[in-house]
Structure formats: C-alpha cells, structure tokens
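Report on one structure; see the data block that follows.
In this text the structure is predicted, and so the values were computed from the model without any measurement. Position 1 is the first residue of the sequence, and the numbers go up from there.
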Amino acid sequence: MEKAGTKRRDIHFKSDKNGIVVCVHSREAREYARYLEASADVASYEAGTVLDPDKYPFINTIGIRKEYFDTQWTSDFVIHFTDGRTGIRELTNKDGLSKRAAIEKLEFSRRYWSPTKVAEWKIVVMEKGEC
C-alpha cells in the first residue's frame, strides 16, 4: 500500500490480460504483475487502486495512527480471478514486517477491504527483484 499521488518511479508495460498499459511503482510490483500475467486463475488485475476516503470513518482506528486516516492510499493489486472472486495483494519486503509504519499500512488495508466483497486479502513478501 502506498500514498496516492506520491512522486515515484513509474514503470509502464502492456498487459495482455488487461488489454491496457499498466503502471506500477517498483521493480517488485512489476515482477508480481508478471506473475499475475502468467497465472491461469487470474482473469485481470488492477494496480494502484485508490481507496475511497469516504469509507475511512468505518475503519477501526485501534492501533493505527490518526494521520493514516487523513491520507489518500492505494492498494497494490486488486485481482479478479477466473472463478469470479476478487482478491487484494499488498506487497512488502521482509524488513517491512518489523516496521510499525508498514504494519499499520497493511492493517489499514486489511480493515478497509474486510467489509467488502473481496474474497481474500493477502500480503506478498517480496525480496528485491523476486516474486
């Protein structure tokens, strides 16, 4: 999960699954997109989906800093599976799992998506350049 609108490196590529040019913001996200492109159970996916701030008041605030609720966020990947299910994937690295800020962002995402029709929400732990 990232802050929306933050200036960062953009990586654009043609997605055969989506039939459009997709933009991601890290090599790790590009590698994960390659994995999604090759996955037979993925019909399509979206990268950098902006979270709706109107839904933030319904998120439990315990354990998450107040300023996170004043920030526009994006989820890394929204996945549409061939069986009709929808999944969320948030990318992090091993170091992120020991940092409070990263954990709070992941928990914010999990709480945001939990009341929706998303069938599964998962963290993908990435290593530099690997999926």
Which residues satisfy the side chain to side chain donor-acceptor pair (under 3.5 Å) test with R111, sequence neighbours excluded?
-> E107
Partner set under ring pair (Phe, Tyr, Trp, His ring centres under 6.0 Å) for Y112, not counting sequence neighbours | none
What residues form a ring pair (Phe, Tyr, Trp, His ring centres under 6.0 Å) with F69, not counting sequence neighbours?
-> F108
Distance in Å, H12 NE2 paired with I20 CD1, rounded so as to fall on 0.5 Å steps | 12.0 Å
Would you give the length of the straight line joining atom CG of D41 to atom OG1 of T82, rounded to the nearest 0.5 angstrom?
-> 5.5 Å
Rounded to the nearest 0.5 Å, the CE atom of M126 sits from the OG1 atom of T92 at a distance of 10.5 Å
Show your working on side chain to side chain donor-acceptor pair (under 3.5 Å) between W121 and S109 and close with a plain yes or no.
-> CA-CA 9 Å; W121 180 96; S109 172; 2.9 Å; yes
Taking only residues two or more places apart in sequence or in another chain, which ones pass side chain to side chain donor-acceptor pair (under 3.5 Å) with W113?
-> S75
Would you please name every residue forming a salt bridge (Lys or Arg N to Asp or Glu O under 4.0 Å) with E104, sequence neighbours left out?
-> R65, R100
Applying side chain to side chain donor-acceptor pair (under 3.5 Å) to K94 and not counting sequence neighbours gives E127
Any chance you could lay out the side-chain contact (heavy atoms from CB on, under 4.5 Å) test for Q72 and V50, step after step, and finish with the verdict?
-> CA-CA 7 Å; Q72 182 70 57; V50 178; 2.8 Å; yes
May I have all residue pairs that pass salt bridge (charged side-chain N to carboxylate O under 4.0 Å, His left out) and include part of residues 71-80, sequence neighbours excluded?
-> none
So, is the end of the R30 side chain (NZ or CZ) under 6.0 Å from the ring centre of F13 and within 45° of the ring's axis?
-> yes
Less than 4.5 Å apart, any side-chain heavy atom of V78 and any of Y45?
-> no
Answer yes or no: is there a side-chain heavy-atom contact under 4.5 Å between F81 and E120?
-> yes
Donor-acceptor pair, E37 side chain versus K17 backbone, under 3.5 Å?
-> yes
Could you list the donor-acceptor pairs under 3.5 angstrom formed by side chains in residues 54-64, with sequence neighbours left out?
residue, atom, partner, partner atom, Å
Y56, OH, T71, O, 3.1
Y56, OH, W73, N, 3.3
N60, OD1, I62, N, 2.8

Apply side chain to side chain donor-acceptor pair (under 3.5 Å) to D70 and list each qualifying residue two or more places apart in sequence or on a separate chain.
-> K66
List the steps, then state whether side-chain contact (heavy atoms from CB on, under 4.5 Å) holds for T74 with L51.
-> CA-CA 6 Å; T74 63; L51 304 187; 6.0 Å; no
Kindly indicate whether the side chain of L36, heavy atoms from C-beta on, has any atom under 4.5 Å from the side chain of I79.
-> yes
Between CG on residue L91 and CG on residue N93, distance to nearest 0.5 Å = 10.0 Å
For A47, all residues meeting side chain to side chain contact (heavy atoms under 4.5 Å, CB included), sequence neighbours excluded | V22, V24, F77
For S44, what residues pass the side chain to side chain contact (heavy atoms under 4.5 Å, CB included) criterion, not counting sequence neighbours?
-> N18, H80
Hits for salt bridge (Lys or Arg N to Asp or Glu O under 4.0 Å) against D83, two or more places apart or cross-chain, chain-then-number order -> R85
